[in-house]
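What follows is a short report on a single structure.
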2 protein chains.
Amino acid sequence: MTTPMLTKNQTLVFDVLTKAESPLSAYTILDKLRDQGFRAPLQVYRALDKLLEYGVVHRLESINSFVACAHPDENCHSHGLVAFAICESCGQVIEFHDHEVDHRLMDWLKSQKFKAEKSTIEIRGHCAKCAA
Amino acid sequence: MTTPMLTKNQTLVFDVLTKAESPLSAYTILDKLRDQGFRAPLQVYRALDKLLEYGVVHRLESINSFVACAHPDENCHSHGLVAFAICESCGQVIEFHDHEVDHRLMDWLKSQKFKAEKSTIEIRGHCAKCAA
DNA sequence: TCGCACACGTTATAGCATAACGCAATTGAT
DNA sequence: ATCAATTGCGTTATGCTATAACGTGTGCGA
């Protein structure tokens, strides 16, 4: 899937996420966009839904937050599974794609005749800098 | 870690989860326990916190729900990573432990000097029965 | 030009989780 | 024995996360 032209709201939300150094919650994004005319959560959630659909933003389920995809160019949907390491001190997120893990999980799902649609792999802990 | 004696509230919550055939949200558990005297969300959340700590219950981040561990006897904390396949039709959850995936992820984390503490691996889709 | 799809705005509400207070029972050290 | 620390419990209030339901405007193809 190729990413279509973003609308005004989608662009605003995407820019905020791109400039952020760590994941943001929908309400944090809302606050950052009040000056640009945002008033309600739905404006953020609707933009996020599309950005997630296009694969340019990821949702981190374990912290109810969102990050811009680490691969600005390519489309993330083509990478198979994505894993995230999330630092609980500084909030930084490392994105990771691994075919080995991918295949292993897919094989298991196949053996269970389970049709996978969405996946979440998130590791929380402390990054190199913060582990000290 | 060996699981200590459960308190009254912990036992009630654990029993509800054990009898359930699919994950339950904290508020659903609360509703099921009103007859037993539960009145407030905190009563449920406090019990859940302990049960999670003891490793006899898992939290499913992607659906804000909780399930009893599939391994009644052994302690789940000793299994390393746990993965879940969650059916979006019937709600059924399949629990899965795999050392291959485990090692692969751990190696990557090690290469990043990332200290892992908690992990979440959840696949949503449709189980064999519901995929039809 | 009619109908449809889509983005958008607004208000209200639903669903998930925790803060902060106080009380009672238990334990363990002095 | 007594005091302090810990733990579980109950209650009220509040905050955070997400969506329902309504209506508006715009663009575009049949």
Side-chain angles (χ1 to χ4, degrees), chain A residues 1-17 20 22-54 56-67 86 88 91 118 120 122 124, chain B residues 1-17 20 22-54 56-67 86 88 91 118 120 122 124:
Chain A
M1 183 189 56
T2 158
T3 305
M5 190 71 176
L6 297 184
T7 68
K8 178 162 161 281
N9 284 6
Q10 285 160 20
T11 305
L12 287 168
V13 169
F14 184 61
D15 284 352
V16 165
L17 282 176
S22 47
L24 301 178
S25 76
Y27 279 73
T28 303
I29 296 171
L30 174 58
D31 285 340
K32 288 183 182 292
L33 289 175
R34 290 207 188 271
D35 293 347
Q36 276 65 358
F38 274 50
R39 318 295 318 263
L42 258 195
Q43 297 176 280
V44 177
Y45 281 111
R46 287 205 272 234
L48 284 172
D49 281 346
K50 285 300 178 184
L51 295 170
L52 289 168
E53 184 185 326
Y54 302 154
V56 296
V57 161
H58 298 292
R59 177 195 178 94
L60 300 178
E61 307 276 4
S62 64
I63 55 174
N64 295 315
S65 295
F66 303 84
V67 276
I86 306 167
E88 298 194 319
K118 299 174 187 174
T120 300
E122 298 173 18
R124 290 173 306 296
Chain B
M1 185 189 57
T2 156
T3 304
M5 188 71 175
L6 298 184
T7 68
K8 180 162 160 283
N9 284 5
Q10 286 159 21
T11 305
L12 287 167
V13 168
F14 184 62
D15 284 352
V16 166
L17 282 175
S22 46
L24 302 177
S25 76
Y27 278 70
T28 303
I29 296 171
L30 174 57
D31 286 339
K32 287 181 183 292
L33 288 175
R34 291 207 188 271
D35 293 347
Q36 275 68 32
F38 274 49
R39 318 294 318 264
L42 260 195
Q43 296 176 280
V44 177
Y45 281 110
R46 287 206 273 234
L48 285 172
D49 282 346
K50 287 298 180 186
L51 296 171
L52 289 169
E53 184 185 325
Y54 302 153
V56 297
V57 160
H58 298 292
R59 178 194 177 92
L60 301 177
E61 307 277 3
S62 64
I63 55 173
N64 296 317
S65 295
F66 304 83
V67 276
I86 306 167
E88 299 194 318
K118 298 174 187 173
T120 300
E122 298 173 18
R124 288 174 307 297

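Just so we're clear, the structure is a prediction, and the values are computed from it rather than from any experiment. Labels below follow one simple rule: chain letters A, B, ... track the order of the sequence lines, proteins then strands, and each chain is numbered from 1.
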*Taking atom C1' of dG9(C) as reference, at what distance in whole Å does atom CG of Leu12(A) sit?*
15 Å
_Integer-rounded Å distance: dA18(D) P and Leu60(A) CG_ = 11 Å
*Of the listed nucleotides dA7(C), dC9(D), dA17(C), the one nearest the side chain of Asn9(B)*: dC9(D)
*Are Val44(B) and Phe38(B) side-chain neighbours, meaning at least one heavy-atom pair lies under 4.5 Å?*
yes
*Could you tell me the separation between the CG atom of Leu48(B) and the C1' atom of dG8(D), rounded to a whole number of Å?*
15 Å
*Would one find a side-chain N or O of Lys50(A) under 4.0 angstrom from OP1 or OP2 of dA7(C)?*
yes
*asked:* In the structure I gave you, are the side-chain heavy atoms of Val67(A) and Leu24(A) within less than 4.5 Å of one another anywhere?
replied: no
*asked:* Can you tell me which nucleotide in dA17(C), dG8(D), dA18(D) comes closest to the side chain of Asn64(A)?
replied: dA18(D)
*asked:* Please report the distance, rounded to the nearest Å, between CD in Glu61(A) and C1' in dA18(D).
replied: 12 Å
*Can you tell me the distance, in whole Å, between the CG atom of Leu51(B) and the C1' atom of dT7(D)?*
15 Å
*Rounded to whole angstrom units, what separation is found between the CG atom of Asp49(B) and the P atom of dT7(D)?*
14 Å
*Heavy-atom side-chain contact between Pro41(A) and Tyr27(A) under 4.5 Å*: yes
*Look at Arg124(B) together with Glu61(A) and state whether they make a salt bridge at an N to O cut-off of under 4.0 Å.*
yes
*Is the distance from OP1 or OP2 of dC6(C) to the nearest side-chain N or O of Thr7(A) less than 4.0 Å?*
no
*asked:* Can you pull out the residues from residues 27-44 of chain A that lie within a 4.0 Å heavy-atom distance of DNA chain D?
replied: Tyr27(A), Leu42(A)
*Donor-acceptor pair, Thr28(B) side chain versus Ala26(B) backbone, under 3.5 Å?*
no
*Any idea which of dG9(C), dA18(D), dA17(C) is nearest the Arg46(A) side chain?*
dG9(C)
*asked:* Between Glu122(A) (side chain only) and Ser62(A) (backbone N and O only), is there a donor and an acceptor less than 3.5 Å apart?
replied: yes
_Rounded interatomic separation in angstrom, taking CD from Glu53(B) and C1' from dT7(D)_ = 12 Å
_Rounded interatomic separation in angstrom, taking OH from Tyr45(B) and C1' from dG15(D)_ = 13 Å
*Look at the side chain of Gln10(A) and the backbone N and O of Thr7(A), then say whether any donor-acceptor pair between them is shorter than 3.5 Å.*
yes
*Respond yes when some side-chain nitrogen or oxygen of Ser25(B) is under 4.0 Å from OP1 or OP2 of dG15(C), and no when none is.*
no
